Amino acid sequence: MPDNANLYAVLREAFQSRRSAAALETPDGGVITFRELDDGAARVAGALLAGGASPGDRVAVQVDKSPEALLLYLGCLRGGFVYLPLNTAYPERELDYFIGDAEPAVVVCRPESEAMVGRIAKARGVRTVYTLDGAGEGSLITAMMTVTALARVEPCAGDDLAAILYTSGTTGRPKGAMLTHDNLSSNARVLHATWGFRDGDVLLHALPLFHTHGLFVACNTSLLNGSLMLFCPRFDVDTVKRLLPRATVFMGVPTFYVRLLADPDFGREHARNMRLFVSGSAPLLTQTFEEFRERTGHTILERYGMTECGMSTSNPLDGERRAGTVGRPLDGVKLRVVDDHDRPVKPGQVGNIQFIGPNVFKGYWRNPEKTAEEFTADGFFRSGDLGSLSDDGYVTISGRGKDLIISGGYNVYPKEVELCLDEIEGIAESAVIGVPHADFGEAVTAVVVPAMSAAAPDEAAVIAALKDKLAGYKVPKRVHFVDELPRNAMGKVQKNVLRDRFG
């Protein structure tokens with residue numbers, strides 16, 4: 001193990017003996033070796049230094065997935081910068097908030113967004129804006145070719161920040177979860193062991209890179225193993241079917257599995273060399289679990305995690321992968337289910353899920369009050385999820401105490417959408433719920449009360465107005481109009497009643 005706790009040093013130590021081997025292969029046959037990955041990360045780090053970033057500074061990134069985008073992540077780690085990935089669907093309003101809150105030294109964006117990001121950057125004091133497109137071209141690449149590469153791996157303590165990932169809050173103000181080098185490296189090592197990574201493994205990577213699942217779970221474990229990644233720019237059924245026979249490991253959200261099963265040609269022949277299918281980021285329906293096993297002969301391994309902690313539980317590699325559960329706590333993670341007074345509940349009883357371990361984040365960026373609120377006196381993180389523990393330690397997630405909606409593997413907090421709805425002329429108040437959806441798991445759905453003093457907009461107008469304010473996956477698929485919202489005796493909107501009515 002390297003003396004330097006920098007996550008890049010940990011990963012580099014693992015793949016150092018495989019420098020001439022292929023690290024990435026794109027669907028068109030392009031190959032990048034581990035040596036090229038290492039050299040590219042050094043050049044990215046040099047470009048970021050030249051752009052005015054210093055170790056500890058944030059680097060905000062909103063780019064399309066590409067091998068160069070992975071180099072950007074690795075270059076940030078190597079240089080000791082704090083990586084801040086942003087969903088490519090975020091519009092100007094949301095980008096302005098993230099950049100203003102995180103105060104990055106450098107922003108890397110798509111070329112088509114440069115003018116818009118440049119306006120934000122100028123107003124927010126960003127030193128440099130680089131561009132990078134999905135083909136791996138842009139001013140960042142030009143800078144990489146002209147600067148001095150960073151030969152060293154910046155020394156970091158385990159408690160130093162490696163990344164900040166924003167997670168929406170119930171108040172509508174997204175919070176930056178601060179993840180340390182130790183958080184990420186400890187989780188990568190545990191998953192590497194738990195899922196039995198071995199020589200010869202090949203990962204088919206079809207997940208986005210702005211998200212814990214695709215960036216940390218998939219990339220970090222694969223790099224730690226020195227494995228080849230078949231690196232797809234996005235999930236596409238035909239591409240996955242073509243590449244899957246060359247892979248041994250596949251990680252996906254439930255939507256991926258639903259779409260594969262919707263293809264009548266998909267089956268055992270495509271999965272003939274696979275040893276592991278992993279699902280996460282949203283609940284996997286038992287029907288999907290059973291149908292996939294019947295069609296392919298493989299049992300999907302479901303696990304549970306969140307932005308603030310990476311992965312916390314997993315069904316076993318060897319042993320029963322129990323449908324409807326997310327398995328047992330990972331090594332080093334203590335998980336408990338408690339009532340509203342933090343008292344343990346009996347096995348099988350639903351309560352609040354809390355956990356503690358080396359994977360649990362450092363806190364929320366510049367928000368000590370919220371950080372203190374989310375941890376118990378004895379250090380357990382309050383996940384906000386509801387669930388139960390079986391007698392033999394399997395965890396079942398039964399709901400989300402914070403009304404979180406997970407649509408296509410992406411988190412949507414209703415309050416954030418409601419705040420935007422309530423700004424629309426002709427809407428008096430609103431409530432946002434998730435309703436079952438065959439493809440996305442849950443569909444964002446709005447229920448609104450028209451204002452008496454103005455003409456109410458129709459459904460199409462509401463959706464169109466929100467598209468300028470929110471990422472596409474947060475925009476409601478349907479808008480329902482009601483005379484009033486159902487409320488309990490305390491005046492709280494009864495979203496369960498709305499889900500029953502419109503779900």
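As the structure is a prediction and not an experimental result, all values here were calculated from the model.
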Can you tell which of Tyr83, Phe210, Phe216 makes a side chain to side chain contact (heavy atoms under 4.5 Å, CB included) with Leu165?
Phe216
If every non-hydrogen atom of [X] is compared with every non-hydrogen atom of [Y], which pair is closest and at what distance?
X      : Y      : result
Ile32  : Pro67  : CD1-CB, 3.4 Å
Ser430 : Asp422 : OG-OD1, 2.8 Å
Cys420 : Leu466 : CB-CD2, 3.7 Å
Leu209 : Gly214 : CD2-O, 4.0 Å
Ala53  : Ala105 : CA-CB, 4.0 Å
Val31  : Ala22  : CG1-CB, 3.6 Å

Is the shortest side-chain N to carboxylate O distance from [X] to [Y] below 4.0 Å?
X      : Y      : result
Arg124 : Glu103 : no
Glu154 : Arg78  : no
Arg127 : Asp57  : yes
Glu418 : Lys495 : yes
Arg119 : Glu92  : yes
Lys122 : Glu114 : no
Glu94  : Lys469 : no
Asp38  : Arg19  : yes

Distance under 6.0 Å and angle within 45° of ring axis: Lys474 vs Tyr90
no
Geometric cation-pi criterion Lys175 and Tyr364, 6.0 Å radius, 45° cone
yes
Could you walk me through whether Ser139 and Thr131 pass the side chain to side chain donor-acceptor pair (under 3.5 Å) check?
CA-CA 5 Å; Ser139 61; Thr131 60; 3.2 Å; yes
Using a 4.5 Å cut-off on heavy atoms from C-beta on, say whether the side chain of [Y] contacts that of [X].
X      : Y      : value
Lys362 : Leu161 : yes
Gln354 : Leu335 : no
Met251 : His213 : yes
Leu70  : Met229 : yes
Val360 : Phe380 : no
Ile99  : Pro104 : yes
Leu230 : Val202 : yes
Glu442 : Pro283 : no

Rounded to the nearest 0.5 Å, how far apart are [atom1] of [X] and [atom2] of [Y]?
X      : Y      : atom1 : atom2 : value
Leu132 : Thr142 : CG    : OG1   : 10.5 Å
Phe34  : Ser227 : CZ    : OG    : 7.0 Å
Arg198 : Leu276 : CZ    : CG    : 9.0 Å
Ile424 : Ile427 : CD1   : CD1   : 4.5 Å
Asp133 : Ser113 : CG    : OG    : 11.5 Å
Lys65  : Thr88  : NZ    : OG1   : 11.5 Å

Counting only N and O atoms by type, is there a donor-acceptor contact under 3.5 Å from the side chain of [X] to the main-chain atoms of [Y]?
X      : Y      : answer
Arg43  : Met144 : yes
Asn183 : Pro358 : yes
Asp160 : Gly56  : no
Thr313 : Arg303 : no
Glu308 : Ala177 : no
Asn6   : Ala157 : no
Glu13  : Val10  : no

Residue pair [X] / [Y], side-chain donor-acceptor N/O under 3.5 Å:
X      : Y      : answer
Thr255 : Asp439 : no
Asp331 : Thr194 : no
Ser222 : Asn225 : no
Tyr304 : Asp385 : yes
Thr26  : Asp28  : yes
Asn359 : Ser186 : no
His437 : Lys477 : no

Candidate pair Val448 and Leu421, rule side-chain contact (heavy atoms from CB on, under 4.5 Å), full reasoning
CA-CA 8 Å; Val448 303; Leu421 280 164; 4.3 Å; yes
Should we say atom [atom1] of [X] is surrounded by more than 12 heavy atoms from elsewhere, each under 6.0 Å from it?
X      : atom1 : result
Arg234 : CZ    : no
Asp378 : CG    : yes
Lys334 : NZ    : no

Thr221: what forms a side-chain hydrogen bond (donor to acceptor under 3.5 Å, both in side chains) with it, not counting sequence neighbours?
none
Could you list the residues that satisfy side-chain hydrogen bond (donor to acceptor under 3.5 Å, both in side chains) with Ser314, not counting sequence neighbours?
Trp195
Assess the pair His211 and Tyr410: is the distance between their ring centroids shorter than 6.0 Å?
yes
Ring centres under 6.0 Å, that's the criterion: do Phe440 and Tyr473 meet it?
no
Indicate the ring-plane relationship of Phe98 and Tyr166, choosing parallel, tilted or perpendicular according to the 30° and 60° boundaries.
tilted
Mind checking whether Phe381 and Phe361 have parallel, tilted or perpendicular rings, split at 30° and 60°?
perpendicular
Check the pair Asn352, Leu386 against side-chain contact (heavy atoms from CB on, under 4.5 Å), reporting the backbone distance first and the verdict last.
CA-CA 5 Å; Asn352 304 296; Leu386 304 175; 3.2 Å; yes
If you apply the rule salt bridge (charged side-chain N to carboxylate O under 4.0 Å, His left out), what do you find for Asp101 with Arg366, and how did you get there?
CA-CA 9 Å; Asp101 190 61; Arg366 293 178 175 171; over 6 Å; no
